[in-house]
Undergrad: 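Quick one: the structure is below, questions incoming.
All values below were derived from every heavy atom in this structure, side-chain atoms included, with hydrogens, water molecules and symmetry-related copies excluded.
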Amino acid sequence: MNQEKEIKPLNGYLILAITIALIVTSIYLLITTKNPLYIFGLVAAIILFKGFVLVNPNNSRVLLLFGKYVGSIKSNGLFWVNPLYNKKAISLRASNFDSERLKVNDKLGNPIMISTILVWRVTNTYKASFDVDNYENFVKVQTDAAVRKLASMYPYDNFADEGHVEDITLRSSVNEVSEALEKEIDERLSIAGIEVLEARIGYLAYAQEIASAMLKRQQATAIVAARHKIVEGAVSMVEMALEELGKKNIVELDDDRKAAMVSNLMVILCGDKDASPVLNTGTLNQ
(Lines give C-alpha, C1' and ligand atoms only; values in the text may rest on other atoms or scores of the structure.)
Protein backbone atom coordinates (compact mmCIF):
# COMPACT_ATOMS: atom_id res chain seq x y z
CA MET A 1 0.00 0.00 0.00
CA ASN A 2 1.42 3.36 -1.03
CA GLN A 3 -1.68 5.55 -0.68
CA GLU A 4 -3.52 6.98 2.28
CA LYS A 5 -6.34 4.82 3.60
CA GLU A 6 -8.86 6.36 5.99
CA ILE A 7 -10.40 3.82 8.34
CA LYS A 8 -13.40 3.93 10.69
CA PRO A 9 -12.39 2.26 13.97
CA LEU A 10 -14.74 0.97 16.66
CA ASN A 11 -16.61 3.39 18.88
CA GLY A 12 -14.40 4.00 21.90
CA TYR A 13 -17.25 4.78 24.26
CA LEU A 14 -18.81 1.37 23.73
CA ILE A 15 -15.52 -0.44 24.35
CA LEU A 16 -14.88 1.81 27.36
CA ALA A 17 -18.19 0.74 28.90
CA ILE A 18 -17.36 -2.93 28.25
CA THR A 19 -13.89 -2.49 29.76
CA ILE A 20 -15.24 -0.83 32.91
CA ALA A 21 -17.85 -3.57 33.26
CA LEU A 22 -15.14 -6.20 32.84
CA ILE A 23 -13.02 -4.60 35.56
CA VAL A 24 -15.90 -4.30 38.01
CA THR A 25 -17.07 -7.86 37.35
CA SER A 26 -13.57 -9.32 37.66
CA ILE A 27 -12.92 -7.52 40.94
CA TYR A 28 -16.28 -8.56 42.36
CA LEU A 29 -15.86 -12.23 41.42
CA LEU A 30 -12.27 -12.25 42.62
CA ILE A 31 -13.34 -10.98 46.03
CA THR A 32 -16.42 -13.19 46.41
CA THR A 33 -15.10 -16.44 44.96
CA LYS A 34 -11.41 -16.09 45.84
CA ASN A 35 -10.67 -17.63 42.44
CA PRO A 36 -7.34 -16.28 41.05
CA LEU A 37 -8.42 -16.99 37.48
CA TYR A 38 -10.43 -13.77 37.51
CA ILE A 39 -7.15 -11.86 37.52
CA PHE A 40 -7.01 -12.59 33.81
CA GLY A 41 -10.12 -10.43 33.47
CA LEU A 42 -8.18 -7.50 34.89
CA VAL A 43 -5.26 -8.26 32.56
CA ALA A 44 -7.66 -8.32 29.61
CA ALA A 45 -9.06 -4.94 30.69
CA ILE A 46 -5.55 -3.46 30.84
CA ILE A 47 -4.90 -4.74 27.31
CA LEU A 48 -8.15 -3.23 26.11
CA PHE A 49 -7.11 0.13 27.57
CA LYS A 50 -4.04 0.16 25.32
CA GLY A 51 -6.34 0.13 22.28
CA PHE A 52 -8.03 3.44 23.07
CA VAL A 53 -7.07 6.40 20.89
CA LEU A 54 -8.31 9.98 21.27
CA VAL A 55 -8.31 12.14 18.14
CA ASN A 56 -8.85 15.86 18.62
CA PRO A 57 -10.38 18.08 15.90
CA ASN A 58 -8.02 18.67 12.94
CA ASN A 59 -5.71 15.90 14.09
CA SER A 60 -5.11 12.38 12.85
CA ARG A 61 -3.52 9.09 13.83
CA VAL A 62 -1.47 6.90 11.51
CA LEU A 63 -1.78 3.21 12.48
CA LEU A 64 1.03 0.69 12.01
CA LEU A 65 1.09 -3.02 12.79
CA PHE A 66 4.65 -4.32 13.08
CA GLY A 67 5.87 -1.78 10.52
CA LYS A 68 2.96 -2.28 8.11
CA TYR A 69 0.67 0.64 7.33
CA VAL A 70 -2.90 -0.16 8.35
CA GLY A 71 -4.68 3.15 7.82
CA SER A 72 -5.29 6.65 9.16
CA ILE A 73 -7.93 8.00 11.50
CA LYS A 74 -9.06 11.52 10.57
CA SER A 75 -12.39 11.64 12.42
CA ASN A 76 -12.31 13.22 15.85
CA GLY A 77 -13.51 11.46 18.96
CA LEU A 78 -12.69 8.45 21.15
CA PHE A 79 -12.00 5.22 19.25
CA TRP A 80 -10.71 1.75 19.93
CA VAL A 81 -8.24 -0.10 17.70
CA ASN A 82 -6.05 -3.16 17.93
CA PRO A 83 -3.88 -2.71 21.06
CA LEU A 84 -0.86 -3.87 19.04
CA TYR A 85 -1.16 -0.93 16.67
CA ASN A 86 1.51 1.77 16.79
CA LYS A 87 -0.34 5.11 16.73
CA LYS A 88 1.50 8.13 15.27
CA ALA A 89 -0.07 11.56 15.69
CA ILE A 90 -0.05 14.02 12.75
CA SER A 91 -1.69 17.45 12.95
CA LEU A 92 -3.99 18.50 10.11
CA ARG A 93 -4.15 22.10 11.29
CA ALA A 94 -2.82 25.01 9.24
CA SER A 95 0.71 25.95 10.29
CA ASN A 96 2.74 29.12 9.78
CA PHE A 97 6.37 29.15 8.77
CA ASP A 98 8.40 32.37 8.72
CA SER A 99 11.66 31.57 6.97
CA GLU A 100 15.00 33.09 7.82
CA ARG A 101 16.26 36.05 5.83
CA LEU A 102 18.34 34.65 3.00
CA LYS A 103 20.99 36.48 1.02
CA VAL A 104 20.54 35.67 -2.67
CA ASN A 105 21.24 37.31 -6.03
CA ASP A 106 18.35 38.60 -8.09
CA LYS A 107 18.09 38.29 -11.86
CA LEU A 108 20.53 41.19 -12.38
CA GLY A 109 23.04 39.77 -9.92
CA ASN A 110 22.35 42.25 -7.12
CA PRO A 111 22.56 40.73 -3.62
CA ILE A 112 19.27 41.01 -1.75
CA MET A 113 17.83 39.83 1.56
CA ILE A 114 14.54 37.97 1.29
CA SER A 115 12.28 35.85 3.46
CA THR A 116 8.87 34.26 3.02
CA ILE A 117 5.79 33.57 5.12
CA LEU A 118 4.21 30.21 4.37
CA VAL A 119 0.86 28.80 5.50
CA TRP A 120 0.58 25.04 4.99
CA ARG A 121 -1.15 21.92 6.24
CA VAL A 122 -0.92 18.14 5.84
CA THR A 123 -3.53 16.61 3.54
CA ASN A 124 -2.05 13.13 2.99
CA THR A 125 -0.90 11.46 6.19
CA TYR A 126 0.69 8.51 4.38
CA LYS A 127 3.02 10.70 2.30
CA ALA A 128 3.85 12.93 5.28
CA SER A 129 4.77 9.87 7.37
CA PHE A 130 6.57 7.61 4.91
CA ASP A 131 7.57 9.50 1.73
CA VAL A 132 9.84 11.97 3.56
CA ASP A 133 12.01 11.60 6.63
CA ASN A 134 10.73 14.60 8.60
CA TYR A 135 7.93 16.51 6.91
CA GLU A 136 8.30 19.65 9.08
CA ASN A 137 12.00 19.96 8.28
CA PHE A 138 11.18 19.12 4.65
CA VAL A 139 8.88 22.16 4.54
CA LYS A 140 11.65 24.46 5.81
CA VAL A 141 14.33 23.20 3.42
CA GLN A 142 12.15 23.19 0.32
CA THR A 143 10.74 26.63 1.10
CA ASP A 144 14.23 28.10 1.31
CA ALA A 145 15.15 26.42 -1.99
CA ALA A 146 12.01 27.79 -3.67
CA VAL A 147 12.73 31.32 -2.43
CA ARG A 148 16.28 31.18 -3.77
CA LYS A 149 15.02 30.04 -7.17
CA LEU A 150 12.30 32.70 -7.28
CA ALA A 151 14.71 35.50 -6.39
CA SER A 152 16.98 34.53 -9.28
CA MET A 153 14.09 34.68 -11.76
CA TYR A 154 13.11 38.33 -11.22
CA PRO A 155 14.98 41.59 -10.64
CA TYR A 156 14.53 43.54 -7.44
CA ASP A 157 13.47 46.64 -9.37
CA ASN A 158 13.42 48.09 -12.86
CA PHE A 159 16.40 50.07 -14.12
CA ALA A 160 15.06 51.84 -17.18
CA ASP A 161 18.17 54.00 -17.49
CA GLU A 162 20.23 50.89 -18.15
CA GLY A 163 17.70 49.27 -20.45
CA HIS A 164 16.52 46.72 -17.88
CA VAL A 165 12.74 46.89 -17.99
CA GLU A 166 10.83 43.89 -16.65
CA ASP A 167 7.10 43.31 -16.45
CA ILE A 168 7.46 41.59 -13.07
CA THR A 169 9.80 42.71 -10.29
CA LEU A 170 10.15 41.53 -6.71
CA ARG A 171 9.40 44.96 -5.25
CA SER A 172 6.41 46.12 -7.29
CA SER A 173 4.69 42.94 -8.54
CA VAL A 174 3.54 41.58 -5.19
CA ASN A 175 0.59 39.52 -6.45
CA GLU A 176 2.44 37.97 -9.38
CA VAL A 177 5.49 37.10 -7.29
CA SER A 178 3.35 35.61 -4.50
CA GLU A 179 1.46 33.49 -7.01
CA ALA A 180 4.69 32.20 -8.58
CA LEU A 181 6.17 31.51 -5.14
CA GLU A 182 3.07 29.62 -4.01
CA LYS A 183 3.08 27.48 -7.14
CA GLU A 184 6.78 26.69 -6.82
CA ILE A 185 6.52 25.68 -3.16
CA ASP A 186 3.34 23.67 -3.73
CA GLU A 187 5.06 21.60 -6.42
CA ARG A 188 7.96 20.86 -4.07
CA LEU A 189 5.81 19.97 -1.06
CA SER A 190 3.26 17.81 -2.89
CA ILE A 191 5.62 14.82 -2.55
CA ALA A 192 5.12 15.05 1.23
CA GLY A 193 1.33 15.31 1.02
CA ILE A 194 1.36 18.96 2.06
CA GLU A 195 -0.94 21.66 0.69
CA VAL A 196 0.22 25.27 0.46
CA LEU A 197 -2.54 27.63 1.56
CA GLU A 198 -0.61 30.89 1.15
CA ALA A 199 2.91 31.98 0.34
CA ARG A 200 4.13 35.56 0.21
CA ILE A 201 7.33 37.53 0.68
CA GLY A 202 7.71 38.65 4.27
CA TYR A 203 10.90 40.71 3.95
CA LEU A 204 12.66 42.18 0.95
CA ALA A 205 15.61 44.58 0.86
CA TYR A 206 18.99 45.06 -0.74
CA ALA A 207 21.89 43.44 1.06
CA GLN A 208 23.74 45.68 3.48
CA GLU A 209 26.83 46.08 1.29
CA ILE A 210 24.87 47.75 -1.55
CA ALA A 211 21.86 49.17 0.30
CA SER A 212 23.39 52.66 0.68
CA ALA A 213 24.43 52.86 -2.98
CA MET A 214 21.03 51.67 -4.18
CA LEU A 215 19.29 54.21 -1.96
CA LYS A 216 21.33 57.03 -3.51
CA ARG A 217 20.53 55.67 -6.94
CA GLN A 218 16.80 55.62 -6.21
CA GLN A 219 16.99 59.17 -4.88
CA ALA A 220 18.88 60.32 -7.97
CA THR A 221 16.32 58.64 -10.22
CA ALA A 222 13.49 60.33 -8.36
CA ILE A 223 15.20 63.74 -8.60
CA VAL A 224 15.76 63.32 -12.35
CA ALA A 225 12.12 62.32 -12.86
CA ALA A 226 10.94 65.31 -10.85
CA ARG A 227 13.21 67.69 -12.81
CA HIS A 228 11.89 66.26 -16.03
CA LYS A 229 8.33 67.06 -14.99
CA ILE A 230 9.32 70.55 -13.85
CA VAL A 231 11.06 71.37 -17.13
CA GLU A 232 8.18 69.96 -19.14
CA GLY A 233 5.71 72.12 -17.23
CA ALA A 234 7.95 75.21 -17.44
CA VAL A 235 8.27 74.95 -21.21
CA SER A 236 4.50 74.65 -21.51
CA MET A 237 3.98 77.73 -19.31
CA VAL A 238 6.54 79.83 -21.24
CA GLU A 239 4.95 78.83 -24.52
CA MET A 240 1.53 79.78 -23.20
CA ALA A 241 2.85 83.15 -21.90
CA LEU A 242 4.40 84.12 -25.25
CA GLU A 243 1.28 83.03 -27.08
CA GLU A 244 -1.02 85.09 -24.85
CA LEU A 245 1.23 88.17 -25.05
CA GLY A 246 1.25 87.99 -28.81
CA LYS A 247 -2.47 87.30 -29.07
CA LYS A 248 -3.50 90.24 -26.88
CA ASN A 249 -0.86 92.65 -28.25
CA ILE A 250 0.20 93.68 -24.76
CA VAL A 251 3.79 94.29 -25.73
CA GLU A 252 5.89 93.86 -28.85
CA LEU A 253 8.92 91.64 -28.30
CA ASP A 254 11.69 91.06 -30.76
CA ASP A 255 13.65 87.83 -30.87
CA ASP A 256 16.26 89.03 -28.40
CA ARG A 257 13.63 90.13 -25.89
CA LYS A 258 11.75 86.86 -26.34
CA ALA A 259 14.96 84.93 -25.69
CA ALA A 260 15.65 86.99 -22.54
CA MET A 261 12.09 86.49 -21.35
CA VAL A 262 12.24 82.76 -21.97
CA SER A 263 15.54 82.54 -20.10
CA ASN A 264 14.19 84.48 -17.11
CA LEU A 265 10.98 82.47 -16.94
CA MET A 266 12.84 79.15 -17.16
CA VAL A 267 15.16 80.21 -14.35
CA ILE A 268 12.21 81.21 -12.18
CA LEU A 269 10.11 78.15 -12.92
CA CYS A 270 12.93 75.61 -12.69
CA GLY A 271 14.84 77.11 -9.78
CA ASP A 272 14.97 75.47 -6.36
CA LYS A 273 14.57 78.79 -4.55
CA ASP A 274 12.13 81.63 -4.87
CA ALA A 275 13.23 84.26 -7.37
CA SER A 276 14.18 87.76 -6.14
CA PRO A 277 12.43 90.31 -8.39
CA VAL A 278 14.43 93.20 -9.82
CA LEU A 279 12.45 96.34 -10.63
CA ASN A 280 13.48 98.06 -13.86
CA THR A 281 12.68 101.80 -13.52
CA GLY A 282 14.01 102.63 -16.95
CA THR A 283 12.81 101.65 -20.40
CA LEU A 284 12.82 98.19 -21.88
CA ASN A 285 15.88 99.15 -23.92
CA GLN A 286 17.98 99.99 -20.81
Side-chain angles (χ1 to χ4, degrees), residues 1-9 12 50-79 81-105 112-154 170 174-175 177-205:
M1 181 181 295
N2 57 3
Q3 296 295 331
E4 182 185 63
K5 176 184 177 183
E6 185 174 356
I7 63 174
K8 300 294 183 181
K50 290 183 64 65
F52 287 106
V53 55
L54 179 64
V55 182
N56 295 319
N58 285 327
N59 278 271
S60 67
R61 294 292 187 274
V62 177
L63 305 179
L64 299 175
L65 180 61
F66 303 120
K68 180 180 179 181
Y69 175 68
V70 177
S72 301
I73 305 175
K74 288 188 172 181
S75 303
N76 61 293
L78 180 64
F79 304 100
V81 296
N82 189 331
L84 298 178
Y85 284 169
N86 181 21
K87 300 173 281 291
K88 179 181 180 181
I90 292 183
S91 176
L92 302 179
R93 299 172 183 173
S95 300
N96 284 320
F97 170 60
D98 189 0
S99 69
E100 296 181 357
R101 295 178 182 180
L102 305 174
K103 180 186 288 189
V104 296
N105 292 332
I112 61 175
M113 301 297 295
I114 186 172
S115 69
T116 184
I117 297 176
L118 178 68
V119 183
W120 60 276
R121 68 181 177 187
V122 174
T123 56
N124 190 310
T125 57
Y126 178 88
K127 291 183 177 181
S129 299
F130 308 114
D131 285 358
V132 294
D133 184 31
N134 184 325
Y135 69 90
E136 292 182 343
N137 184 62
F138 186 80
V139 170
K140 297 179 181 178
V141 174
Q142 293 301 321
T143 300
D144 289 346
V147 171
R148 290 180 182 276
K149 179 180 178 181
L150 179 82
S152 65
M153 293 171 57
Y154 305 108
L170 296 174
V174 178
N175 294 332
V177 171
S178 297
E179 183 178 350
L181 179 62
E182 182 176 330
K183 181 179 179 181
E184 179 68 24
I185 298 177
D186 188 63
E187 291 178 355
R188 292 172 178 266
L189 298 185
S190 60
I191 188 177
I194 294 173
E195 176 189 9
V196 176
L197 302 178
E198 182 186 4
R200 57 186 175 86
I201 294 178
Y203 178 85
L204 180 65

Undergrad: Where do L197 and W120 land on the side chain to side chain contact (heavy atoms under 4.5 Å, CB included) test, with the steps shown first?
TA: CA-CA 5 Å; L197 302 178; W120 60 276; 5.9 Å; no

Undergrad: Kindly give the heavy-atom pair with the smallest separation between V139 and L189, and that separation in Å.
TA: CA-CD2, 3.9 Å

Undergrad: Do V53 and Y85 come within less than 4.5 Å of each other through their side chains, counting heavy atoms only?
TA: no

Undergrad: Quick check against the 3.5 Å criterion: does R61 have a side-chain atom that pairs as donor or acceptor with the backbone of G71?
TA: no

Undergrad: Measuring from atom CD1 of I201 to atom CG of L181, what distance do you get when rounded to the nearest 0.5 angstrom?
TA: 6.5 Å

Undergrad: So, do I185 and F97 sit near enough that their side-chain heavy atoms are less than 4.5 Å apart?
TA: no

Undergrad: Keeping N124 on the side-chain end and K127 on the backbone end, is there a donor-acceptor pair under 3.5 Å?
TA: yes

Undergrad: Verify the neighbour count for atom CD of E195: are there more than 12 heavy atoms of other residues, nucleotides or ligands below 6.0 Å?
TA: yes

Undergrad: Quick one: does Y135's side chain get under 4.5 Å of I90's, heavy atoms only?
TA: yes

Undergrad: What distance separates N134 CG from S129 OG, expressed to the nearest 0.5 Å?
TA: 11.0 Å

Undergrad: Work out which heavy atom in I73 is nearest to a heavy atom in P9; give both atom names and the distance.
TA: CD1-CG, 3.7 Å

Undergrad: Start with the C-alpha gap between T125 and K74, add the side-chain angles, then the distance that decides, and say whether side chain to side chain contact (heavy atoms under 4.5 Å, CB included) holds.
TA: CA-CA 9 Å; T125 57; K74 288 188 172 181; 4.0 Å; yes

Undergrad: What's the verdict on side chain to side chain contact (heavy atoms under 4.5 Å, CB included) for L54 and N56, showing C-alpha distance, side-chain angles and the deciding distance?
TA: CA-CA 6 Å; L54 179 64; N56 295 319; 4.2 Å; yes

Undergrad: Do the side chains of N96 and V119 get nearer than 4.5 Å, heavy atoms only?
TA: yes

Undergrad: Could you pull out the closest heavy-atom pair between L150 and A180, with the gap in Å?
TA: CD1-CB, 3.9 Å

Undergrad: Of all the heavy-atom pairs spanning L204 and L170, show the shortest one and how long it is.
TA: CD2-O, 3.5 Å

Undergrad: Of the non-hydrogen atoms in L92 and N59, which two are nearest, and what is the gap between them?
TA: CD1-O, 3.9 Å

Undergrad: Of all heavy-atom pairs between R148 and L102, which one has the smallest distance, and what is that distance?
TA: NH2-CD2, 3.9 Å

Undergrad: In terms of side-chain geometry, is the basic nitrogen of K140 or E136 positioned less than 4.0 Å from the acidic oxygen of its partner?
TA: no

Undergrad: Check whether any side-chain N or O of S115 sits under 3.5 Å from a backbone N or O of Y203 as a donor-acceptor pair, and report yes or no.
TA: yes

Undergrad: How about I117: does its CD1 atom have over 12 heavy atoms from other parts shown lying under 6.0 Å from it?
TA: yes

Undergrad: Please check if the side chain of T116 supplies one atom and the backbone of S99 the other of a donor-acceptor pair under 3.5 Å.
TA: no

Undergrad: Other residues, nucleotides and ligands only: do more than 12 of their heavy atoms fall within 6.0 Å of CG on N137?
TA: yes

Undergrad: Does S152 use its side chain to pair, donor to acceptor, with the backbone of K149 at less than 3.5 Å?
TA: yes

Undergrad: Counting C-beta onward and ignoring hydrogens, is there a side-chain heavy-atom pair between K87 and L63 closer than 4.5 Å?
TA: yes

Undergrad: Does the side chain of S178 come within less than 4.5 Å of E198's, by heavy atoms?
TA: no

Undergrad: Between the main-chain N or O of S72 and the side-chain N or O of Y126, is there a donor-acceptor pair closer than 3.5 Å?
TA: no

Undergrad: Any side-chain heavy atom of V62 sitting closer than 4.5 Å to one from F130?
TA: yes

Undergrad: State, with a plain yes or no, whether a side-chain heavy atom of V147 is found less than 4.5 Å away from one of V104.
TA: no

Undergrad: The test is side chain to side chain contact (heavy atoms under 4.5 Å, CB included); show your working for E4 and Y69 and say whether it passes.
TA: CA-CA 9 Å; E4 182 185 63; Y69 175 68; 3.9 Å; yes

